[in-house]
There are 2 protein chains.
Amino acid sequence: MEEHRHVTIYDIAEKLNLAASTISRALKDHHSISDKTIKKVKQTAKEMGFVPNTLAAGLRGNVTKTIGILIPTVTQPFLSSLISGIEIAAQKSDYSVIIMQSHDSYQMEVDMAKSLYSNRVSGVICSLAMETKDTSHFKQFSNNNIPLVFVDRVPKDYDTFRVVINNYLAGYKATKHLIEQGCKRIAHLTAESEFGTLYNERKRGYIDALLEHDIPLQDNLIISLKEMTYDAGVKACNLLFDLKTPPDGLFAPGDILAVSAVQTAKKRGIKVPDQFAVIGFNNDPISEIIEPNISTITHPAEKMGKAAAELIIKNLKSVKEEDAKEITFLNTQVLIRESSRKI
Amino acid sequence: MEEHRHVTIYDIAEKLNLAASTISRALKDHHSISDKTIKKVKQTAKEMGFVPNTLAAGLRGNVTKTIGILIPTVTQPFLSSLISGIEIAAQKSDYSVIIMQSHDSYQMEVDMAKSLYSNRVSGVICSLAMETKDTSHFKQFSNNNIPLVFVDRVPKDYDTFRVVINNYLAGYKATKHLIEQGCKRIAHLTAESEFGTLYNERKRGYIDALLEHDIPLQDNLIISLKEMTYDAGVKACNLLFDLKTPPDGLFAPGDILAVSAVQTAKKRGIKVPDQFAVIGFNNDPISEIIEPNISTITHPAEKMGKAAAELIIKNLKSVKEEDAKEITFLNTQVLIRESSRKI
DNA sequence: TTTCTTTACACAATCGGTTGCTTAAATATT
DNA sequence: AATATTTAAGCAACCGATTGTGTAAAGAAA
C-alpha cells in the first residue's frame, strides 16, 4: 500500500503554475479570479482528489462550522430525536455536529465542555446533566462569544439562549385532561431532587389544574422518584395501588413511567382507562405501540433541535444583539389515546 | 461584555518570560523541563484560563484524536447503543467522537465521508446506508492510512476491519429455538433488496435450521419487506394469518417486527405463544416491556461499539500490520421470553 | 583541570488554508 | 493620448501548537 500524502492547495498550485492563494480563491468562486482559471482549478482539484483541511481553515479563520452537542445520553428517544433535528438543520448550512454524552455526570460535563471549547466549536447546544448544579463551566463559551443554547433541561439563572416547552402548561393540560375524563383522585410522579425546574414545573401545572377544579391536593398521591425508570415506576405504582383509596388517574411526566403504570395496573386486574386513566409525557415511540396506547404530551424534540441549531447559525451570521438572549417556547399537545379515553 | 481573545501558549510565555516551546513542553511534562517550571507553567495556564487549541495541534501533528461515526440514524436503539459503546471507549483514551447520520441515503453518506476526511478524523466507524452499493467513497480513508471499521451493516468486498455478529448462526439459533418449542410452520420476514448480507445471512440460518430438522421450506411463509417498520410488519403478518394454513411460529429479524407480529396476532385472537410463537432480534428495550415479552436474539451493540473504537485506537498506536484487517465476531444469545416459551 | 553528559530553555520551521496588500495587464473614461 | 478603473494573480503574514536543532550552564567522570 502506498503512502499517500494529503493533497493540498499547494500541490494544485504547483501543477497549474499558479499561486496557492489563487487556488484558495478559485475554489470559493472569488470574484477576482477568472472563470477559466476557476474551472481549471476545480477540475484539477477533483482529479487530484483534493479535500480541504478544515483544521487549517479553522485555525486561520477561527471558524470551524461545527456545532457541539452536550447531552446526558443519546439513547433516550427524546434526545436522539433532538440530535436528529440539530443535525438536519446543521447539514443545511453545511455545519458538522460533534456529540458528547455526559451520562448525567457533572464532572463529565465539565470535561466535555472543555473539550468542545478546545475543539473551537462554533456553538454549543446543551441539555444539562442531572447532577449539574453549578454552570460556571459554560462561561468559557459566553466569554468568548460562542453561542450557547440550552435545551429542555436548562439552568434557571444563566443568561443565554434557551429552547424549551412550557412545562407548567403541559402539566396543567395533562392533568386537566384527566379531570375532564372524570378522574377524581389523580396521582403524580415527580423527580426527587432536581436542580433544574423541569419536573417542578410539570408538578406545578398538575397542582394548579387540581385546585382550579376544586380537587383537593393529596400528598400521598404524589410520589418522588430517585430515577425516572421503568422499575422505579412499577414500585411507585404498587405503592399507589396499595393505598386505602387508590387513585383513578395518573399523570406521569415520562412515557416509560406511564407504561410501567399501565402494565402494573393490568397485572393487578385494574382496568385501564376505566378504573385508572394514565397520561404520559414525550410521545416516545413505545407509547404508540404498547397496549393500550398511552395518551401523552408531545415533546417536539426535532423542532427543538432545529430551533436550537438555527439560533446558533443565525447568531453567528448576524451582528450580536444583546436582546437576542431569548427563550424560545415550543408548543406541546395533548395526544389522547386509549390509556385515558373514557368518554 | 468584554471581547476576550483565546488564551494561547504565547500569552503564557510572555507572562512568564519563557519561550512558547517551553510552555508547550511543560504542559505535557516533557523531561527536559524542570519541575519548578512545569509547576509554574501549569499554575499560570490555569489562572489564565488556557485551553489548548486542538485545531492547531491537529494541523501541526496531523493527529486529531477524533473518531468519526457514520451511521444511518441515531434514533435506532441498536445504533444509539453502538454510539454509547464507541463513546465510552473513546473517552477512556481521550478521543472525541463526531457523529454523522446518513439517513440511509447514499449521497449523504458520500458527502459525510468527505466531511469526516476533511475534518481529518483519526479513524472512522461506519454502518452502511441501506442505499449504498458502491463503497468507493471510503477509499480516501484506506488510501491515507486512516483506520476504517465497518460495523453491523458491512460491505462484503472491502478489505478493512469489520465488527459483526454471525448473522447466519443467529438466524439458525433463533429458528432452531422455535422448532424446539414445537413449531412446525415457521414464517420469516426478510429485506426485499439488500446490498449487504445481513438479512440474507439470517435467512440462510433460518433455512438451514428448517432443513436440518426435516421441515420443508415453504415460500409463502417467507415475506420480503421494503422497509423494516412496524406497519410493514403488521401488513405482512396479516398476509400470513390469511393463509389457508397459517404459520405457528415466526422468526422476525428485528424486534419492531416481532412486536407488530405479536400484536397483530393478539388482535386476531391468536394466542401467543401457544398458537403462534415469535422470536425477534436485537433485544431492543421494547422487547422487554411489551406483553407478552418478546423472545429475541441479543445484539451486543455496546460491545461492538467498544470493539470498533478499540480497533481504531489500537491501530493508530501500533505499527501497521497488514494481517490486522480482520473480522471481529461477537457472540449473540437466544433470550427466551414469553412470546416463544411453550414448554 | 579537562572533557563528557545532563539539564533547561530558546529559536525557528512547520502544518495548510486564508486574506490584505501589491503588481501588472487589460479595458474604460475623459 | 492620458488617466482611471477593473480584472487577474502573486507575495507573504497569519492562526497556535509542536518539535528538531542549537546553546548555554551545571554536574559527573577522567
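Letters A, B, ... are given to chains in the order of the sequence lines, protein chains preceding strands, and every chain is numbered from 1.
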Quiz item: Of all the nucleotides listed (C:dA8, D:dG10, C:dA10), which has the minimum atom distance to the side chain of B:Ser32?
Solution: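 The answer is C:dA8, which lies nearest to the side chain.
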
Rounded interatomic separation in angstrom, taking [atom1] from [X] and [atom2] from [N]:
| X | N | atom1 | atom2 | value |
| --- | --- | --- | --- | --- |
| B:His30 | D:dT21 | NE2 | P | 13 Å |
| B:His31 | C:dT7 | NE2 | P | 8 Å |
| A:Lys36 | D:dT7 | NZ | P | 14 Å |
| B:Ile23 | D:dT18 | CD1 | P | 12 Å |
| A:Glu14 | D:dA9 | CD | C1' | 18 Å |
| B:Ile38 | C:dA8 | CD1 | C1' | 11 Å |

Could you tell me whether the side chain of [X] and the main chain of [Y] form a donor-acceptor pair under 3.5 Å?
| X | Y | result |
| --- | --- | --- |
| B:Thr44 | B:Val41 | yes |
| A:Ser122 | A:Thr66 | yes |
| B:Ser127 | B:Val151 | yes |
| B:Ser118 | A:Asn53 | no |
| A:Thr8 | A:Tyr10 | yes |

How is [X] classified with respect to the nucleic acid when contacts are heavy atoms under 4.0 Å: base, sugar-phosphate, or nothing?
| X | answer |
| --- | --- |
| A:Leu27 | nothing |
| B:Asn17 | sugar-phosphate |
| B:Asp11 | nothing |

Kindly give the atom pairs (protein nitrogen or oxygen, nucleotide nitrogen or oxygen) under 3.5 Å for nucleotides 13-18 of chain C.
residue : atom : partner : partner atom : Å
C:dT14  : O2   : B:Arg60 : NH1          : 2.9
C:dC15  : O2   : B:Arg60 : N            : 3.3
C:dG16  : OP1  : A:Arg5  : NH2          : 3.3
C:dG16  : N2   : A:Ala56 : O            : 3.2
C:dG17  : OP2  : A:Ile9  : N            : 2.7
C:dG17  : N7   : A:Tyr10 : OH           : 3.0
C:dG17  : O6   : A:Tyr10 : OH           : 3.4
C:dT18  : OP1  : A:Lys28 : NZ           : 2.7
C:dT18  : OP2  : A:Ser24 : OG           : 2.9
C:dT18  : O2   : A:Arg60 : NH1          : 2.7

Self-check item: side-chain hydrogen bond (donor to acceptor under 3.5 Å, both in side chains) between A:Ser105 and A:His103, intermediate numbers included
Solution: CA-CA 5 Å; A:Ser105 142; A:His103 293 285; over 6 Å; no

Quiz prompt | Salt bridge flag under 4.0 Å for residues A:Lys139 and A:Asp134 | solution =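 Looking at A:Lys139 and A:Asp134, the cut-off is not met.
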
Practice problem: Give the angle between the helix axes at the two ends of the helix from C:dT1-D:dA30 to C:dT30-D:dA1, taking five base pairs at each end and rounding to 10°. | Solution: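 So the angle between the two local helix axes works out to 40°.
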
Exercise. Over 60° means perpendicular and under 30° means parallel, so classify the ring planes of B:His137 and B:Tyr106, tilted if in between.
Key: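 Because their plane-to-plane angle is over 60°, the rings of B:Tyr106 and B:His137 count as perpendicular.
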
Practice problem: Pick out which of A:Ile312, A:Ile86, A:Ile69, A:Thr328 makes a side-chain contact (heavy atoms from CB on, under 4.5 Å) with A:Val149. | Solution: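 It is A:Ile312, the one option of A:Ile312, A:Ile86, A:Ile69, A:Thr328 that forms the side-chain contact (heavy atoms from CB on, under 4.5 Å) with A:Val149.
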
